[in-house]
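Source: prediction; values computed, not measured. All ligand and atom numbering here is 1-based and tracks the order in the structure.
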Amino acid sequence: MGKEQTSTRILHHDRRQGTEAGAVHQPIHVSAEFAYAQAQDLIDVFQGKPGFTYARQATPSTARLEQLINEIEGGVGTICFSSGMAAISAVFLTLLQAGDHIVSSRYLFGNTNSLYQTLSNFGIEVTLVDACDVEAVAAAWQPNTRMVFAESIANPGTQIADLKGIGALCAERKVPFVLDNTLSTAWLAPGRHFQAALVVNSLSKALAGHGNVLGGAVTDTGIFDWSDYPHIFPAYRTAKTEQWGLTQIRKKGLRDMGAALTGESAHKIAVGLETLDLRMQRICSSALQLARFLQEHPQVSKVYYPGLENHPQHQRAKEYFPRGNGGLVSFELYSGVNLLRFLDQLQVIILSTHLGDSRSLILPVAQTIYHEMGPQMSAEMGIDEQLLRLSVGLEDPIDLQNDLDAALTFASEV
Ligand SMILES: *Cc1c(COP(=O)(O)O)cnc(C)c1O
């Protein structure tokens, strides 16, 4: 028998690790501290021997979730955090120093963009570029460029950066490529396909999948040689070089900054992951159906979905993500269609932020997640006042289609 598929391995992971009384789930570990009968054993763990000391750094529950995420991304190690933003913050704050420079895609999750403002207070400069074109990334390069950051499918515009080009450029210039794989998930493509050094995932979205938990993760793909990175503390240069980056992120990020995942959350995320394969199949097929439906609708002026033939990166999407294009469908209503009237009329689709839930969610973008950015910057980022972000869930797609249709018709009858 060859290597089993990821979905099979996820389902049997806990049991095969060995559990008490034949349990098929690992227990939820709630202990804050871990005790030792022999002083030397406690000292050994503090000095680097595998083991547990305090739940801010690791527990058996978070460790087994880290193994699962690592398995899905095909990495050499993974660290879990209390949210996706905690994971992203940890990468920047532990690997960068004042005077460093990041080249980042400008098609970006709003909170990551907001985090860049904080980084600038600490002397870390960010250049935002149109990362759909690798030439723009290369053109923004500076002698102090230490990192390139992009999302696999951008939220909310669904742009697909030239991930392969960026991966190759970073490999050539020996700088880590950090990929936020949240919108696609490794089910569409693991980050290592694009030569990403570090892959960050919000576990709160499609990976956990039920809108009942927050979590985040950083996976090292093993592709980057950390001996080429100038900012690893001497104390973390002792293990194998492939572990240097993660060791620093765990010590400086998780231990010192403290955004640790709880055992209860780790359990919920692991249960959600068991159905990732089924959910992603359904979500991708429903999203494509709805995108096609919206594209033909007389009240809809634009639809952004990589699976549509007229999406600017459609060919790239086919190459990168042969299994589908995820559950995020953005669309604009014609200016005459009343946006709020449309939203208030929806009966099935829920008016809420968040993505990757089992329920379909919709959000007016400019007025909510882009509100803080102001009209000028929003317009520069292509955020129209009539733009909506739909996160397609697991309902029967015909109910979603009928719901959209009825509300669109209602909103246009004014
Ligand atoms: C939601 C999201 C995040 C942040 O994750 P949280 O778990 O909500 O902190 C990061 N990146 C992208 C692309 C996201 O959609």
Peer 1: Using the ring pair (Phe, Tyr, Trp, His ring centres under 6.0 Å) rule, collect all pairs that involve residues 117-174, keeping only residues at least two apart or in two chains.
Peer 2: Phe92-Phe149

Peer 1: Testing the 3.5 Å rule here: is there a donor-acceptor pair between the side chains of Ser104 and Tyr116?
Peer 2: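 There is such a pair (donor and acceptor under 3.5 Å, judged by atom type) between the side chains of Ser104 and Tyr116.
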
Peer 1: Show the distances, to 0.1 Å, for all pairs joining an N/O atom of ligand 1 and a protein N/O atom that are shorter than 3.5 Å, listing one pair per line.
Peer 2:
| from | atom 1 | to | atom 2 | distance (Å) |
| --- | --- | --- | --- | --- |
| ligand 1 | 5 (O) | Ser202 | OG | 3.0 |
| ligand 1 | 7 (O) | Gly84 | N | 2.8 |
| ligand 1 | 7 (O) | Ser202 | OG | 2.7 |
| ligand 1 | 7 (O) | Ser204 | OG | 2.6 |
| ligand 1 | 9 (O) | Gly84 | N | 3.1 |
| ligand 1 | 9 (O) | Met85 | N | 2.9 |
| ligand 1 | 11 (N) | Asp180 | OD2 | 2.6 |
| ligand 1 | 15 (O) | Asn155 | ND2 | 3.4 |
| ligand 1 | 15 (O) | Lys205 | NZ | 2.7 |

Peer 1: Would you please say whether a donor-acceptor pair under 3.5 Å links the side chains of Tyr305 and Gln295?
Peer 2: no

Peer 1: Checking Asn402 now: which residues fulfil side-chain contact (heavy atoms from CB on, under 4.5 Å) with it, not counting sequence neighbours?
Peer 2: Ile398

Peer 1: Any side-chain donor-acceptor pair under 3.5 Å between Gln299 and Ser412?
Peer 2: yes

Peer 1: Scan residues 341-390 for pairs that pass ring pair (Phe, Tyr, Trp, His ring centres under 6.0 Å), counting only residues two or more places apart or in two chains.
Peer 2: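 Residue pairs with at least one partner in residues 341-390: there are none.
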
